[in-house]
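Worksheet: one structure, shown below.
Counting begins at 1 with the first residue of the sequence. Keep in mind the model is a prediction, meaning the values are calculated, not measured.
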Amino acid sequence: MFKSLFVPLLIAVMSLASPGAAQSADDMVSVSVLPGWQMSDGRHMAALRFRLEDGWKTYWRAPGDAGIPPRFDWRGSQNLSQVEIIWPTPEQTITNGMRTIGYTHDLVLPVRLTPKQANVPISLSAEMEIGVCSDICVPVEIGVGLDLPLGSGDRDPRITAALAARPYTAAEAGVGRVACSVTPIAGGGLRLVAQIDMEQMGAQELVVLETDNADLWVAQTNTKRSGAMLQAETEMHHVEGRGFLLDRSGLRLTVLSTGDAVDIRGCPSP
């Protein structure tokens, strides 16, 4: 049933690119690997650098109403057991009347890499599907790779700046009580209302809700504030239109604004 929810959105995004608007990826974005450094615990800190041409933007992991979510495939890598992407705080923009979340200009995306075998170099390979937008929105497939050096070396200031630009944790931001109430709605979905006790950090506050279940579709939240309490309401549905169980520990709430951002993990019941 709810698969039909996504078809109009996909068509709306893709229809922004007219048949005569074909462009190569190099006209919009180029991607390279910043080799970074080996950490004291044996892991490696590297980064993907996205260089966007003037007027183009790309998307955050939760892209908003009409964005194209990025996808990464690391399976071509060697001596790599785990990848953690550390997302810098994104920007909110309006595209054709719809809110999207992403980045303009250059994006340095840090990746914390765990090797399968210690003291053996990682050969990093990333195949990506990303969306880039200007007056048109274009899905781009691009691949990069690099053999990463062993040793601590010098810390790349571009990577350290991107790491510093991540959202605050709930503890760092002094977030108080966080609670989510959940009620069933027609069609097997759920309505969720999150309440977050935190001081305002900027204007245009938006709470982005994500789950650890890739089969769930989550609507953009209706976010409002009353004093020190921030409230966000949304609906979620299974993409196949059936019922589902919600893992509260897998909920992730990111508070975005014109100021700082906050990353909150888990949302217990009131």
Side-chain angles (χ1 to χ4, degrees), residues 29-54 56-63 69-74 77-93 101-128 130 132 142-175 198 201-202 208 210 252-265:
V29 60
S30 61
V31 186
S32 59
V33 179
L34 300 181
W37 61 90
Q38 191 176 23
M39 303 168 65
S40 59
D41 62 3
R43 294 181 296 174
H44 196 102
M45 182 64 72
L48 301 176
R49 184 187 184 191
F50 298 79
R51 302 185 67 176
L52 293 153
E53 295 299 319
D54 289 345
W56 291 90
K57 64 185 178 183
T58 193
Y59 295 104
W60 187 49
R61 62 172 190 264
R71 301 182 185 278
F72 301 88
D73 184 348
W74 311 95
S77 303
Q78 297 179 20
N79 194 39
L80 180 64
S81 67
Q82 186 175 348
V83 178
E84 179 189 358
I85 299 175
I86 304 169
W87 293 88
T89 298
E91 311 164 29
Q92 301 179 57
T93 58
I101 304 171
Y103 307 92
T104 55
H105 308 299
D106 278 12
L107 165 64
V108 174
L109 187 62
V111 287
R112 187 181 289 123
L113 310 170
T114 303
K116 291 181 178 178
Q117 185 177 351
N119 299 316
V120 174
I122 294 171
S123 180
L124 185 67
S125 173
E127 298 292 331
M128 293 162 279
I130 62 173
V132 291
I142 194 166
V144 293
L146 188 69
D147 293 334
L148 303 179
L150 292 175
S152 56
D154 294 330
R155 298 202 168 195
D156 189 324
R158 295 168 294 182
I159 301 179
T160 56
L163 290 169
R166 66 166 175 79
Y168 289 113
T169 66
E172 290 169 340
V175 174
M198 61 172 286
M201 304 182 98
V208 180
E210 301 169 82
R252 186 173 189 177
L253 293 82
T254 305
V255 183
L256 302 176
S257 72
T258 55
D260 292 318
V262 183
D263 184 6
I264 301 168
R265 308 294 183 97

Note to self: Walk me through whether Glu91 and Lys57 qualify under salt bridge (charged side-chain N to carboxylate O under 4.0 Å, His left out).
What the structure shows: CA-CA 10 Å; Glu91 311 164 29; Lys57 64 185 178 183; over 6 Å; no
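Taking CH2 of Trp74 as the start and CD1 of Ile122 as the end, the distance is 11.0 Å to the nearest 0.5 Å. Atom OG of Ser30 and atom CD1 of Ile142 lie 7.0 Å apart (nearest 0.5 Å). Summarising the geometry, atom CG belonging to Asp106 is positioned 9.5 Å from atom CZ belonging to Arg158; distances are rounded to the nearest 0.5 Å. For the atom pair CD1 (Ile159) and CG (Leu109), the distance works out to 10.5 Å, reported to the nearest 0.5 Å. Between the CZ atom in Arg49 and the CZ atom in Arg51 there is a gap of 4.0 Å [rounded to 0.5 Å]. With rounding to the nearest 0.5 Å, the separation of NE2 in His105 from OG1 in Thr58 is 13.5 Å.
At least one side-chain heavy atom of Leu148 sits less than 4.5 Å from a side-chain heavy atom of Val33. Between Pro90 and Leu256, some side-chain heavy-atom pair lies under the 4.5 Å cut-off. Side-chain atoms of Val111 and Ile86, non-hydrogen and from C-beta on, never get closer than 4.5 Å to each other. Here the side chains of Val132 and Phe50 are not in contact, with every heavy-atom distance at 4.5 Å or above. Put simply, the side chain of Leu163 reaches to within 4.5 Å of the side chain of Met45, judged on heavy atoms. Inter-residue side-chain proximity for Asp263 and Arg166 is flagged as unmet; no heavy-atom pair is nearer than 4.5 Å. Counting heavy atoms from C-beta outward, Pro121 and Leu150 have side chains that approach closer than 4.5 Å.
Contact between Pro115 and Leu113 at its shortest, heavy atoms only, is CD-O, 3.8 Å. Ala162 and Val108 make their closest contact through CB-O, 3.4 Å (heavy atoms, listed as atom of the first residue, atom of the second, distance). Looking at every heavy atom in both residues, Tyr59 comes nearest to Trp87 through O-CZ3, 4.1 Å. Of all non-hydrogen atoms in Thr104 and Leu52, the two that sit nearest each other are C-CD1, 4.0 Å. Across Leu34 and Ala46, no two heavy atoms sit closer than the pair O-CB, 3.3 Å.
Environment of OH in Tyr168: sparse, with no more than 12 heavy atoms of neighbouring residues, nucleotides or ligands closer than 6.0 Å. Remark: Asp54 CG is loosely packed, at most 12 non-hydrogen atoms of other residues, nucleotides or ligands lying under 6.0 Å away. Open room surrounds CD on Gln78; 12 or fewer heavy atoms of other groups in view lie less than 6.0 Å from it.
Residues passing the side chain to side chain donor-acceptor pair (under 3.5 Å) test with Arg71, sequence neighbours excluded: none.
A donor-acceptor pair is defined here as one N or O able to donate and one able to accept, closer than 3.5 Å; such a pair exists between the side chain of His44 and the backbone of Pro35. Using a distance-only test at 3.5 Å, with no hydrogens or angles considered, a donor-acceptor pair links the side chain of Tyr103 to the main chain of Pro88. Of the possible donor and acceptor atoms, one in the side chain of Ser257 sits under 3.5 Å from a partner among the backbone N and O of Asp260.
Residue pairs meeting the side chain to side chain donor-acceptor pair (under 3.5 Å) criterion with at least one partner in residues 114-125, sequence neighbours excluded, are Ser123-Asp147.
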